[in-house]
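Take a look at the structure set out below.
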Amino acid sequence: MADHHAAGAGGGTGTRAAGAGVPDAATAAFLAHRNLLFTVAYEMLGSAADAEDVLQETWLRWAAVDLEPVRDRRAYLIRITTRQALTRMRVLGRRKESYVGPWLPEPLLTVPDVAEDVVLAEHVSLAMLLVLQTLAPTERAVFVLREVFDLGYAEIADAVDKSAAAVRQTAHRARAHVAARRPRGAVSPAETRAALDAFRRAVETGDLQGLLDLLAPDVVALSDGGGIKQALPHPVVGAAKVARALTAGLPVFRAMSPTLEPAHVNGLPALVMRIGGEIELVVAVGTDEGRITGIYTVRNPEKLARLAEVTPVGW
């Protein structure tokens with residue numbers, strides 16, 4: 001039996017060693033695809049903590065597999081991960097029913113290189129993860145595997161236990177659903193940075209006008225405090241209402257003498273606010289043609305642990 005620590009948060013190197021310091025075949029395959037498997041689970045769940053649990057379950061099952069007849073180890077691992085993530089979704093669904101206030105995905109500190117991969121940056125962005133949460137579990141799995149990771153319909157069918165024909169229909173429905181709700185326009189790191197600069201100036205100087213001028217007419221503000229920290233109790237929609245919320249809320253933070261640090265969160269520029277040296281919240285924005293279409297603030301301390309160090313995501 002393989003060492004189960006191979007699936008740990010740091011991607012440890014537990015082995016059934018084939019030789020001194022040399023990982024066995026199962027461990028080597030798992031570690032080679034770990035970032036991919038984490039990203040699949042995270043995009044399906046929107047929770048890094050739950051994605052790590054899924055990887056642990058994936059490892060336990062993978063370690064018991066006879067690898068001799070396994071022709072495509074990557075596909076086999078993705079299949080296990082997808083099935084475990086679908087099981088975990090049922091738990092998360094019950095948890096969200098009792099969640100206090102708006103729910104936002106758990107933000108991840110990512111390397112700047114992620115932003116250079118436009119497809120990956122868009123699909124791990126907080127805005128897109130919110131859209132994915134509106135899909136039914138199987139639709140979400142099919143969309144992620146097909147549209148993000150470009151798996152074939154037969155591979156996806158094995159992962160979700162459906163026929164290839166059914167997967168094609170599900171993919172079509174999911175694609176149309178996401179297209180109607182996904183953020184408008186292409187992801188632009190430069191526009192995002194400009195919007196965040198305006199946000200930072202508003203907090204640091206008290207002059208909000210530059211920020212308010214960037215609000216799109218249908219801008220949406222979401223704030224996740226998880227019932228632990230004060231946050232907007234409901235989504236705020238429309239430039240006038242969001243402006244009032246910002247005018248009331250930002251001076252409160254300014255009085256706490258915060259520091260605002262630029263960071264890359266979920267593949268895009270963001271701001272991390274610290275008060276007394278401790279992370280207080282993270283702010284991400286969605287933009288379209290230079291206007292702010294979404295403001296996403298995560299203040300729930302249970303969701304801020306991943307901002308302490310970079311989380312690898314990728315293919």
Side-chain angles (χ1 to χ4, degrees), residues 101-105 107-110 112 115 121-122 125-131 181-226 229-276 278-300 303-304 307:
W103 179 94
L104 285 171
L108 305 179
L109 187 66
T110 51
E122 179 190 13
S125 70
L126 294 183
M128 178 58 82
L129 290 175
L130 272 176
V131 173
R181 294 164 178 80
R182 74 192 309 158
R184 303 188 302 267
V187 173
S188 169
E191 287 184 2
T192 302
R193 280 191 291 270
L196 292 169
D197 285 345
F199 190 96
R200 182 163 56 178
R201 285 194 299 272
V203 174
E204 293 176 345
T205 69
D207 181 5
L208 275 70
Q209 196 56 52
L211 175 61
L212 303 184
D213 288 344
L214 292 178
L215 299 179
D218 57 352
V219 61
V220 178
L222 293 168
S223 181
D224 181 343
K229 292 279 192 164
Q230 186 175 0
L232 297 172
H234 306 287
V236 178
V237 183
K241 292 180 179 179
V242 171
R244 285 197 293 271
L246 291 171
T247 301
L250 291 187
V252 174
F253 287 111
R254 185 166 185 261
M256 299 179 188
S257 301
T259 58
L260 286 161
E261 305 167 353
H264 276 80
V265 173
N266 288 67
L268 289 172
L271 288 175
V272 175
M273 178 185 289
R274 294 179 183 268
I275 295 177
E278 299 295 323
I279 296 177
E280 178 66 21
L281 57 83
V282 60
V283 179
V285 298
T287 62
D288 180 42
E289 296 183 352
R291 308 298 291 274
I292 299 174
T293 56
I295 301 175
Y296 312 101
T297 307
V298 179
R299 201 180 179 196
N300 182 349
K303 292 186 176 183
L304 299 177
L307 299 177

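Under the 3.5 Å distance criterion, the side-chain polar atoms of Arg299 are left unmatched by any main-chain donor or acceptor of Asp224. In this structure, the side chain of Asn266 does not engage the main chain of Leu268 through any donor-acceptor pair within 3.5 Å. One N or O on the side chain of Lys303 and one on the backbone of Leu104 form a donor-acceptor pair closer than 3.5 Å.
A distance of 6.0 Å separates CD1 in Ile295 from CG in Leu211, rounded to the nearest 0.5 Å. Interatomic distance, CD of Glu278 versus CG of Leu304, reported as 11.0 Å (0.5 Å rounding). Atoms CD and CD, on Glu289 and Glu191 in that order, are 7.5 Å from each other to the nearest 0.5 Å. Ile279 CD1 to Leu307 CG: the interatomic distance, rounded to the nearest 0.5 Å, is 5.0 Å. A distance of 10.5 Å separates CG in Asp218 from CG in Leu215, rounded to the nearest 0.5 Å. Rounding to the nearest 0.5 Å gives a distance of 6.0 Å between CE of Met256 and CD of Glu280.
In this structure, Ala202 and Leu250 approach most closely via the heavy-atom pair CB-CD1, 3.9 Å. Here the closest heavy-atom approach between residue Val265 and residue Pro107 is recorded as CG1-CB, 3.7 Å. Across every non-hydrogen atom of Asn300 and Gly226, the tightest pair is ND2-CA, 3.6 Å. For Ala231 against Gly225, the heavy-atom pair with the smallest separation is CB-N, 3.5 Å. Closest of all the heavy-atom pairs between Ala245 and Leu232 is CB-CD2, 4.3 Å. Residue Pro258 comes nearest to Val203 through the heavy atom pair CG-CG1, 3.9 Å, listed as atom of the first residue, atom of the second, then distance.
Among pairs with a residue in residues 248-272, those fulfilling salt bridge (charged side-chain N to carboxylate O under 4.0 Å, His left out) read Glu261-Arg274, at least two apart in sequence or across chains.
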TODO: Report the C-alpha distance between Ile292 and Phe199 in whole Å, list the side-chain angles of each, state the deciding distance to 0.1 Å, and finish with yes or no for side chain to side chain contact (heavy atoms under 4.5 Å, CB included).
DONE: CA-CA 11 Å; Ile292 299 174; Phe199 190 96; over 6 Å; no

- [ ] Check the pair Thr247 / Leu212 against side chain to side chain contact (heavy atoms under 4.5 Å, CB included), numbers first and verdict last.
- [x] CA-CA 9 Å; Thr247 301; Leu212 303 184; 4.3 Å; yes

- [ ] Evaluate the side chain to side chain contact (heavy atoms under 4.5 Å, CB included) criterion for residues Arg193 and Leu196: first the C-alpha distance (whole Å), next the side-chain angles of each, then the deciding distance (0.1 Å), finally the verdict.
- [x] CA-CA 5 Å; Arg193 280 191 291 270; Leu196 292 169; 5.5 Å; no

- [ ] Kindly determine whether Leu130 and Leu222 satisfy side chain to side chain contact (heavy atoms under 4.5 Å, CB included), including the steps that lead there.
- [x] CA-CA 11 Å; Leu130 272 176; Leu222 293 168; 3.5 Å; yes

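Taking a 6.0 Å sphere around CD of Gln230, one finds it holds 12 or fewer heavy atoms contributed by other residues, nucleotides or ligands.
With sequence neighbours excluded, the residues forming a salt bridge (charged side-chain N to carboxylate O under 4.0 Å, His left out) with Asp197 are Arg200, listed by chain and number.
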